*Asks:* 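Please read through the structure below; I'll follow up with questions.
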Amino acid sequence: MDRDFDITRIREAARAAGMGEALSRRGFLLLSASTAAAVTALGLCEALGADAPLVILDNAKGMILADPTRCVGCQRCELACVEYNEGRSQPSLARIKISRSLNFGPGGPGGAQGAWGNGLVVQGVCRQCPHPVPCATACPNDAIRLDPATGARVVDGQACVGCKLCQRSCPWNMLVFDEETQKTTKCFLCGGSPKCVEACPADALRYVPWRDTTREAPARAASLSLITPEKTASCLECHVPGRPGTVTK
């Protein structure tokens, strides 16, 4: 492909576009920029090739955003979550976590401030992690899948075997193991209408468009990332440094 675009060819292109014989400096720069962009795009397509993998990384469409300064620790969100998903009144199974920091402030049970700490309750909410989603990646049975309605990851109870590897992979301990069913559950945004948000009387929870918040707060605990050889091989197709079309994140 000839990439030598001299002034003669640009003038010819200008005449073909109806710009006449005169080509101003500004017009020259505009045409040059357009030509360079087209060449770059064509070169990129050639570099990728027809067999290059098309990587589509779907994130959740929304997320639950918590405001600790508004939370009064009533735990209604936990009850609403469990009643909607399990039909039970058992806050320990809630996908949103209030009770674990209720009496200790933002430091959690490991803090040394005593009852209520400084009075700030930091709600634990699923961050709807971007690719590679730790819990979904760790699951050996691919039981954590994309919900087409919300883009959130949801646990398929039929495929889950209760190994708890997804729990150990979450840096914020947001997955829940139900001893009664021997299955793991996680927040899937209630199909787009989170019941915890609807139940909060203090407007401490909001359902907002998704953004990556995984780097905005430290992990609650050390996480264990276990990836099967099959998943490792599939990840290498998208994450090989220097390979055209690779994902660098």
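This structure is a prediction, so every number in the text was calculated from the model and none was measured.
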*Asks:* Around atom CD of Gln158, are there more than 12 heavy atoms of other residues, nucleotides or ligands at under 6.0 Å?
*Replies:* no
*Asks:* Would you mind checking if Glu86 and Arg95 are paired as a salt bridge, meaning a charged N to carboxylate O distance below 4.0 Å?
*Replies:*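 Looking at Glu86 together with Arg95, the answer is yes, because their closest N to O distance falls below 4.0 Å.
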*Asks:* I need the Glu83 CD to Glu78 CD distance, nearest 0.5 Å.
*Replies:*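 These two atoms lie 11.5 Å from each other.
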*Asks:* Can you list every pair that meets side chain to side chain donor-acceptor pair (under 3.5 Å) and has a residue in residues 62-73, with sequence neighbours left out?
*Replies:* Asp67-Thr69
*Asks:* Quick check: does any side chain N or O of Arg127 sit under 3.5 Å from a backbone N or O of Thr213, one acting as donor and the other as acceptor?
*Replies:* yes
*Asks:* Working to the nearest 0.5 Å, report the span between OG1 of Thr150 and OH of Tyr207.
*Replies:* 6.0 Å
*Asks:* Please name the pair of heavy atoms, one in Asn173 and one in Gln167, separated by the smallest distance, quoted to 0.1 Å.
*Replies:*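 Of all heavy-atom pairs spanning Asn173 and Gln167, the closest is OD1-O, 4.3 Å.
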*Asks:* Could you tell me which non-hydrogen atom of Leu189 sits nearest to which non-hydrogen atom of Gly62, and how far apart they are?
*Replies:* CD1-O, 3.3 Å
*Asks:* Measure across Cys139 and Ile144 and return the closest heavy-atom pair with its distance rounded to 0.1 Å.
*Replies:* SG-N, 4.3 Å
*Asks:* Rounded to the nearest 0.5 Å, what separates atom CZ in Arg206 from atom CD1 in Ile64?
*Replies:* 12.0 Å
*Asks:* With a 4.5 Å limit on heavy-atom distance, are the side chains of Cys187 and Met174 in contact?
*Replies:* no
*Asks:* Quick one, Asp147 and Arg153 - any side-chain contact, counting heavy atoms below 4.5 Å?
*Replies:*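 Asp147 does not reach Arg153 side chain to side chain.
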*Asks:* Locate the shortest heavy-atom distance separating Ala60 from Gln128; write the atom from each residue and the value.
*Replies:*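 So the two residues come closest at CB-CB, 4.0 Å.
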*Asks:* Please check if Val155 and Val133 belong to a single hydrophobic cluster, counting links between Ile, Leu, Val, Met, Phe, Trp and Tyr side chain heavy atoms closer than 4.5 Å.
*Replies:* no
*Asks:* Would you give the length of the straight line joining atom SG of Cys77 to atom CD1 of Ile96, rounded to the nearest 0.5 angstrom?
*Replies:* 4.0 Å
*Asks:* Knowing that exactly one of Val82, Leu93, Val176 qualifies, which makes a side chain to side chain contact (heavy atoms under 4.5 Å, CB included) with Thr185?
*Replies:* Val176
*Asks:* Give a yes or no answer on whether the side chain of Ser169 reaches the backbone of Pro134 with a donor-acceptor pair at less than 3.5 Å.
*Replies:*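 A pair under 3.5 Å: yes.
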*Asks:* What are the two closest heavy atoms between Val122 and Pro68, and how far apart are they?
*Replies:* CA-CB, 4.3 Å
*Asks:* Quick one: pull up CG in Asn141 and SG in Cys160 and give me the separation to the nearest 0.5 Å.
*Replies:*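 Rounded to the nearest 0.5 Å, the CG-SG separation comes out at 8.0 Å.
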*Asks:* Among residues two or more places apart or on two chains, list those pairs meeting salt bridge (Lys or Arg N to Asp or Glu O under 4.0 Å) that have a residue in residues 180-191.
*Replies:* Arg88-Glu180
*Asks:* Would you check if Leu79 and Pro91 make a side-chain contact, meaning some heavy-atom pair closer than 4.5 Å?
*Replies:* yes
*Asks:* Please list all pairs meeting salt bridge (Lys or Arg N to Asp or Glu O under 4.0 Å) that have one or both residues in residues 187-196, counting only residues at least two apart or in different chains.
*Replies:*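 Counting only pairs at least two positions apart or across chains, the salt bridge (Lys or Arg N to Asp or Glu O under 4.0 Å) contacts touching residues 187-196 are Lys195-Glu198.
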*Asks:* Do Gln123 and Ile98 touch side chain to side chain, with heavy atoms closer than 4.5 Å?
*Replies:* yes
*Asks:* I want to check something: taking the side chain as every heavy atom from C-beta on, are Leu65 and Arg211 in contact at a cut-off of under 4.5 Å?
*Replies:*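 When only atoms from C-beta onward are counted, Arg211 and Leu65 do touch, with a gap below 4.5 Å.
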*Asks:* Measuring from Arg145:CZ to Phe188:CZ, what's the distance to the nearest 0.5 Å?
*Replies:*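 Rounded to the nearest 0.5 Å, the CZ-CZ separation comes out at 15.0 Å.
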*Asks:* Can you find a heavy atom in the side chain of Val125 that is under 4.5 Å from one in the side chain of Trp172?
*Replies:*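 They are not in side-chain contact.
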